[in-house]
2 protein chains.
Amino acid sequence: MSAPSFRNWQSVQEEVRRRIHARIWKPGDLIPNEADLALEFGCARTTVNRALRALADAGVLDRRRKAGTRVAAQPVAKATLQIALIKTEIRERGQDYSYQRLTRSKSIPPAAISDVMQTAQSRALLHIRALHLADDKPYAFEDRWINTDVVPSARAEAFDMLSPNEWLLTHTPYTHGEIAFSATEATADEAAVLKCAEGSALFAIDRMTWDGARSVTKVRLLFRPGHQLRTNL
Amino acid sequence: MSAPSFRNWQSVQEEVRRRIHARIWKPGDLIPNEADLALEFGCARTTVNRALRALADAGVLDRRRKAGTRVAAQPVAKATLQIALIKTEIRERGQDYSYQRLTRSKSIPPAAISDVMQTAQSRALLHIRALHLADDKPYAFEDRWINTDVVPSARAEAFDMLSPNEWLLTHTPYTHGEIAFSATEATADEAAVLKCAEGSALFAIDRMTWDGARSVTKVRLLFRPGHQLRTNL
DNA sequence: AAGTGGTCTAGACCACGCG
DNA sequence: GCGTGGTCTAGACCACTTA
């Protein structure tokens with residue numbers, strides 16, 4: 001039972017996971033280097049590297065040149081959330097999706113918006129408020145600002161049939177963005193739109209995307225009470 | 001300007017990103033295969049593969065054998081959340097961290113807990129309620145159940161100095177887990193502990209981990225009003 | 001200074017899944 | 001069937017970091 005021989009990187013990864021789980025290699029421990037493991041496992045170093053790199057990406061290992069590879073002392077739980085289109089999200093739950101545009105206007109945003117989007121305070125942005133429904137019941141309220149200097153083609157869009165959520169995804173490239181999750185109490189307006197009690201705890205997603213140094217869009221999504229965002233570890 | 005020659009996978013990745021951003025390759029388009037790109041870029045196919053694989057992982061490309069590689073029609077936003085220790089989280093904000101155990105008992109959980117943890121209804125679990133503080137102000141309330149059949153050594157822990165959050169991370173291996181984010185209204189108890197108004201909107205994280213088929217622990221973390229979980233896209 | 005991971009290469013074989 | 005991505009190999013050089 002000396003050399004079981006591991007022929008692919010997944011099996012090497014499994015073996016390393018097994019040893020960590022079995023406490024053969026404990027949190028904080030230095031494990032053998034790639035060359036030694038390759039020898040032991042009977043495969044090329046490249047294969048070991050692939051396996052260890054994947055484990056490092058997953059937060060299970062800490063790797064540093066010269067210092068070697070250690071079992072992570074504090075395995076950071078990395079939850080990867082798939083932020084899909086709301087339409088897709090609802091349909092995957094087996095529910096009917098529908099959409100209502102509430103308002104559309106070109107207007108000067110409040111300072112809180114122009115500040116974070118870093119647009120001139122006097123600059124008008126496209127403001128859309130819309131509702132996403134599941135089985136004809138309010139599911140999420142979308143409140144969005146679009147920088148038409150960056151996305152001029154949005155000026156021609158009514159967004160009465162297609163949500164900005166969806167239109168922007170296929171029409172607007174962005175380089176980076178931020179996303180934040182929080183809980184907020186429903187204002188009277190929001191409660192009316194979502195048909196819930198004023199002051200209800202709502203799950204909120206705030207997202208802002210950039211194209212280089214220019215902000216493309218900022219959106220706040222408010223979900224009906226009880227909404228959960230789930231994922232696996 | 002015909003053959004700039006790309007010498008590493010990052011530069012290949014950048015070039016592909018550039019072409020997508022510049023709409024040379026549009027959403028849904030089929031892009032050349034690896035061999036052709038390797039030829040064009042003047043590097044080995046392995047290098048192109050590495051770059052394209054990374055982009056597929058990031059959700060920018062869709063790859064299928066024989067079908068080839070396409071620019072993702074709906075670039076799924078993948079937000080990777082780093083769920084660190086609360087202690088670490090607070091200290092990284094430059095605040096003082098402190099901890100208070102509120103209660104510790106071995107007790108029969110409500111059906112809602114034994115159901116999701118798949119433990120026998122009559123089985124007592126270790127129940128800990130604790131508070132995490134930032135600069136001596138309530139930051140998060142931890143309500144945790146531990147399956148002592150799976151983690152017998154937890155029986156000897158008082159959890160009066162070290163939070164279960166931290167202790168479990170280094171003492172208990174798990175194979176997989178689930179995590180859910182939601183918003184909830186503070187009950188009278190929760191409001192008292194967090195020193196906020198009853199009915200406040202609280203950000204909640206529910207996490208459950210498993211070791212194979214057996215549940216290890218289930219925890220609910222309730223954060224003080226205004227808490228945000230942020231990440232980049 | 002030296003050891004470790006990071007990466008590139010050229011070539012090869014394989015497995016999946018369209019047509 | 002066969003084209004495409006997925007992966008392995010052996011060897012090489014490099015870059016970072018720590019001792």
Side-chain angles (χ1 to χ4, degrees), chain A residues 3-17 19-20 24-76 78, chain B residues 3-17 19-20 25-73 75-76 78:
Chain A
S5 165
F6 298 89
R7 309 214 79 7
N8 57 39
W9 72 269
Q10 289 94 336
S11 66
V12 170
Q13 190 187 39
E14 270 173 42
E15 173 63 10
V16 173
R17 283 204 126 105
R19 292 187 186 184
I20 293 172
I24 296 170
W25 293 333
K26 301 186 191 67
D29 279 4
L30 194 63
I31 75 174
N33 68 34
E34 295 187 345
D36 289 348
L37 285 175
L39 210 60
E40 182 192 342
F41 292 151
C43 64
R45 180 165 81 92
T46 317
T47 306
V48 173
N49 178 277
R50 179 81 197 271
L52 298 189
R53 189 158 38 80
L55 288 170
D57 284 346
V60 175
L61 296 176
D62 281 336
R63 320 195 73 194
R64 262 155 48 220
R65 284 162 147 128
K66 167 74 182 175
T69 300
R70 289 177 183 280
V71 178
Q74 295 180 1
V76 182
K78 291 190 181 174
Chain B
S5 163
F6 298 90
R7 309 217 60 53
N8 56 42
W9 71 268
Q10 289 95 336
S11 66
V12 170
Q13 190 187 40
E14 269 174 43
E15 173 63 10
V16 172
R17 283 203 125 106
R19 292 187 185 184
I20 293 172
W25 293 333
K26 302 186 191 65
D29 279 4
L30 195 63
I31 76 174
N33 68 33
E34 294 187 346
D36 290 347
L37 286 175
L39 210 61
E40 181 191 343
F41 290 151
C43 65
R45 180 165 82 94
T46 317
T47 306
V48 173
N49 178 276
R50 179 78 197 271
L52 298 189
R53 189 156 39 78
L55 288 170
D57 284 346
V60 175
L61 296 177
D62 281 337
R63 319 195 73 194
R64 262 154 45 221
R65 283 163 146 128
K66 167 71 184 177
T69 301
R70 290 177 182 280
V71 178
V76 181
K78 291 189 182 174

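Quick note on labels: first sequence line is chain A, next is B, and so on, each numbered from 1.
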Rounding to an integer number of Å, can you tell me how far [X] [atom1] sits from [N] [atom2]?
X: B:Leu39; N: C:dA10; atom1: CG; atom2: C1'; answer: 14 Å
X: B:Leu61; N: D:dG6; atom1: CG; atom2: P; answer: 11 Å
X: A:Trp9; N: C:dC14; atom1: CH2; atom2: C1'; answer: 16 Å
X: B:Arg45; N: D:dG6; atom1: CZ; atom2: C1'; answer: 8 Å
X: B:Arg63; N: C:dA15; atom1: CZ; atom2: P; answer: 19 Å
X: B:Phe41; N: C:dC8; atom1: CZ; atom2: C1'; answer: 16 Å
X: B:Asp62; N: D:dT4; atom1: CG; atom2: C1'; answer: 15 Å

Give, for atom [atom1] of [X] and atom [atom2] of [Y], the distance between the pair rounded to the nearest 0.5 Å.
X: B:Asp62; Y: B:Ile31; atom1: CG; atom2: CD1; value: 11.0 Å
X: A:Gln10; Y: A:Arg17; atom1: CD; atom2: CZ; value: 12.0 Å
X: A:Asn33; Y: A:Asp36; atom1: CG; atom2: CG; value: 4.0 Å

Could you list the protein-to-nucleotides 16-19 of chain C atom pairs, N/O on both sides, closer than 3.5 Å?
{"from": "C:dC18", "atom 1": "OP1", "to": "B:Arg64", "atom 2": "NE", "distance (Å)": "3.3"}

| query | Given the rule in the side chain to side chain contact (heavy atoms under 4.5 Å, CB included) test, do A:Leu55 and A:Gln13 qualify, once you have shown the distances and angles that lead to the verdict? | reply | CA-CA 7 Å; A:Leu55 288 170; A:Gln13 190 187 39; 3.6 Å; yes
| request: Before giving the answer on side chain to side chain contact (heavy atoms under 4.5 Å, CB included), spell out for A:Leu52 and A:Leu37 the whole-Å C-alpha distance, their side-chain angles and the decisive distance to 0.1 Å. | output: CA-CA 10 Å; A:Leu52 298 189; A:Leu37 285 175; 4.1 Å; yes
| said: Please give me every residue in residues 46-55 of chain B whose heavy atoms get under 4.0 Å of an atom in DNA chain C, ordered by residue number. | reply: B:Thr46, B:Thr47, B:Arg50
| Between A:Asn8 and A:Ser11, is a side chain to side chain donor-acceptor pair (under 3.5 Å) present by the stated rule, with each step listed? | CA-CA 6 Å; A:Asn8 57 39; A:Ser11 66; 3.1 Å; yes
| field | Check against side chain to side chain contact (heavy atoms under 4.5 Å, CB included), A:Ile20 and A:Leu61 | value | CA-CA 10 Å; A:Ile20 293 172; A:Leu61 296 176; 4.0 Å; yes
| message | When you measure from the side-chain N and O atoms of B:Gln10 to the phosphate of C:dT7, is any distance below 4.0 Å, counting only OP1 and OP2? | response | yes
| Main-chain N/O of A:Gly28 paired to A:Arg70 side chain as donor or acceptor, under 3.5 Å | yes
| Residues from residues 27-36 of chain A sitting under 4.0 Å of DNA chain D, heavy atoms only? | none
| query | Which atom pair, heavy atoms only, marks the closest approach of B:Trp9 to B:Ala51? | reply | O-CB, 3.5 Å
| said: For B:Glu34, is there an ion pair with B:Arg53 - N to carboxylate O distance below 4.0 angstrom? | reply: no
| query | Under a 4.5 Å cut-off applied to non-hydrogen side-chain atoms, are A:Asn49 and A:Arg63 in contact? | reply | yes
